[in-house]
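Worksheet for the structure shown next.
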2 protein chains.
Amino acid sequence: MIDAAGLRVMKAIADEGSFTAAAASLGYTQPAISQMVRRLEQRTGTVLVERIGRNVRLTEAGRVLARHATAVLAALDAAEEEVAAIAGLRSGRVRLMAFPSASATLVPRALALVKQRFPDVSISFTEAEPPESLAALKAGECDLAVAFAYEGTDLGRGEEDLDAFVITPLLDDEVRLAVPEGHAVAEQETVDLADLAGEPWIAGCPRCRGHLLQLTHDAGFRPDVAYETEDYVAVMGLVAEGLGVALIPDLILRTVHHEDVVALPITPASRRAIMAVTTPDLQRVPAVKATLDALAESARGQSRAPTVRAPEPAFSI
Amino acid sequence: MIDAAGLRVMKAIADEGSFTAAAASLGYTQPAISQMVRRLEQRTGTVLVERIGRNVRLTEAGRVLARHATAVLAALDAAEEEVAAIAGLRSGRVRLMAFPSASATLVPRALALVKQRFPDVSISFTEAEPPESLAALKAGECDLAVAFAYEGTDLGRGEEDLDAFVITPLLDDEVRLAVPEGHAVAEQETVDLADLAGEPWIAGCPRCRGHLLQLTHDAGFRPDVAYETEDYVAVMGLVAEGLGVALIPDLILRTVHHEDVVALPITPASRRAIMAVTTPDLQRVPAVKATLDALAESARGQSRAPTVRAPEPAFSI
DNA sequence: CGATCCTATAACGTCACGTTATCCGCCGTG
DNA sequence: CACGGCGGATAACGTGACGTTATAGGATCG
């Protein structure tokens, strides 16, 4: 019934003392004010203005509206400013999720970039494997997820509705074979997995294990999985002690070193794609977009070879 | 840029959890909400709603708007209610002015009527002679004035712009001659002023004195004004002591009695018109209208003969 | 896999709310 | 007292915001 525009007009009249002055102060013409007051009066069923001679004075009801106008307009301005702050990256909160090995450098560097560029944007970060992070994204508990997919597989458990997501490839991560120093294949330029059919294997996370099974199956054997652990430091230790061999993504090798372990390219080459995932709506939120850009930039610095490519994902996902 | 309607919509979405439910709760159709959100989003340049599957969720910016909506809508409702209270006579303040002798019964009775009917309407009351009360009305320091005009004169000092006022006749007040008991004319039914040419006169307020001079001039003499006082109790005392005769309005005689004074009709008869004066705008203010009506009703009870007449003033004013 | 529940979009009507042009009344001034 | 300027009211009009109905599209569930 009564709206902010009406209150603004009443306040202007109260402040300026005449319709004409009020119109000027609001950037309107005088008849606009005249009609606005008339409309307000017939809506409220009340006289709001006394016309005395050639100037006007507010009635009690008019003063009531003018008085409330201050509070209402201030609250409106506050809301507007707060939204503008979010739009202008002077505020905003991003809930980021990434799988553990992305947390090592890719994510920290992106966080630092955002912090440097938009100090008032805050990012909360949670570690989660792709299936969980995508579920969180879907559930609205997360704005941006960093996930990965091995070549030939998809992001989630295989039944995700990927259409609802926007996927930005960040980098390609080559999968290498980790063997102990002095292993029979340690001096080769590259290794054919079929040569390792008899070796004990060390498997990583469930999805990595799946990938291992896929690759060995393609190579014609079933691996003897001697150990399973999600901790790559442990994997390296096990390999170093000669307890088995393992497939390890290159990205991890950059942070988890071990003197007695050699990482070799494999044949045929296998990669995993690391990508940022969000929704079309969230991607348009400035703080999310800024974080996404920072991730892409961070990834550009991470890749050994400049593997940044077209916006389309490299794999069928 | 952002208005109350938009906030109301955002709040409804936040509360209801879907566009359809929000529409229902606001009495709109679903597309109305859909479009409203779209407009808000392009105005603010911000994503306000995440569309996830077949339901929606507010973004941070959307939640900001929904949060502010509460405050803004509450303030708007408060303003509306306060104005409605004034319109509904559950509130309101009337500044009333009346000349002293109206204060005796006419005004108190009217005040009591208003108080009884509309306990929450408050009336402030100030005594003032017609010129001052009309000036106050014009200056906006008064909402309603009770004034009088002697037959053949006007309300103010003679140069008032009466078009700006709305005048409601309240009652006709006959002017009588007060003489001491036992005076030569005391037994007459009616008195011709010319018979009192040689008497000492007692004059009242300035305007009354002007009226006295007018009447005596018409009767063919100049009165010997022995005393002047605005206090009618004093006038009665002076008359009772035989120090002079005086013209006194009937209305005053009803509250100021004196055993030794006789009040007689005069020939030709002279009256003063008592009336309520306000402005067209103020007359439409409920509390003012209620007070005006109460004054008219009070006057109806005061008049000895039912002298209430057509809405037009009885005199040329 | 179809029913159902949600949102998006198109097409459209209408009213709120601006504009310009003009009139009228008040008020100060030569 | 005529006149000019200032301020408000009104008329006529254009446009855009905002609602409607009808319909399509996609997600989710039995």
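Throughout, a chain's letter reflects where its sequence line sits, starting with A, and its residues are numbered from 1. Not measured: the values here are computed from a predicted model.
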Practice task
Measure the distance from CD on Glu41(B) to P on dT9(C) and round it to the nearest whole Å.
Solution key: 11 Å

Exercise for the section: Specify the separation, in whole Å, of atom CD of Glu50(A) and atom P of dG8(D). Expected result: 14 Å

Problem - Any donor-acceptor N or O pair under 3.5 Å, side chains Arg93(B), Ser122(B) - result: yes

Exercise for the section: Taking the side chain as every heavy atom from C-beta outward, state whether Cys208(A) and Tyr150(A) have any atom pair closer than 4.5 Å. Expected result: yes

Exercise for the section: Send over the distance from Gln42(A) CD to dC15(C) P, rounded to a whole Å. Expected result: 14 Å

Handout entry: Euclidean distance, atom CD of residue Glu16(B) to atom P of dC6(C) [Å, nearest integer]
Key = 12 Å

Exercise for the section: Measure the distance from CG on Asn55(B) to C1' on dT4(C) and round it to the nearest whole Å. Expected result: 14 Å

Problem - Separation of dG25(C) P from Ile52(A) CD1 (nearest whole Å) - result: 18 Å

Practice task
Summarise how protein sits on nucleotides 9-21 of chain D as a single string, 5' to 3': B when a protein heavy atom is under 4.0 Å from the base, S for sugar-phosphate-only contact, - for no contact.
Solution key: BB------SBBBB

Practice task
Please work out whether the ring planes of Phe99(A) and Phe148(A) are parallel, tilted or perpendicular, with thresholds of 30° and 60°.
Solution key: perpendicular

Problem - Arg57(A) CZ - dG8(D) C1' separation (whole Å) - result: 15 Å

Practice task
Taking the side chain as every heavy atom from C-beta outward, state whether Leu282(A) and Thr279(A) have any pair of such atoms under 4.5 Å apart.
Solution key: yes

Practice task
Calculate the interatomic distance between Arg54(A) atom CZ and dC26(C) atom P; express it in whole Å.
Solution key: 11 Å

Exercise for the section: For dG8(D), take OP1 and OP2 only and decide whether either is under 4.0 Å from a side-chain N or O of Thr20(A). Expected result: yes

Problem - Verdict with reasoning, Ile2(B) to Leu65(B), per side-chain contact (heavy atoms from CB on, under 4.5 Å) - result: CA-CA 10 Å; Ile2(B) 183 168; Leu65(B) 290 188; 3.4 Å; yes

Problem - Any Glu80(B) side-chain heavy atom under 4.5 Å of Met1(A) side chain - result: yes

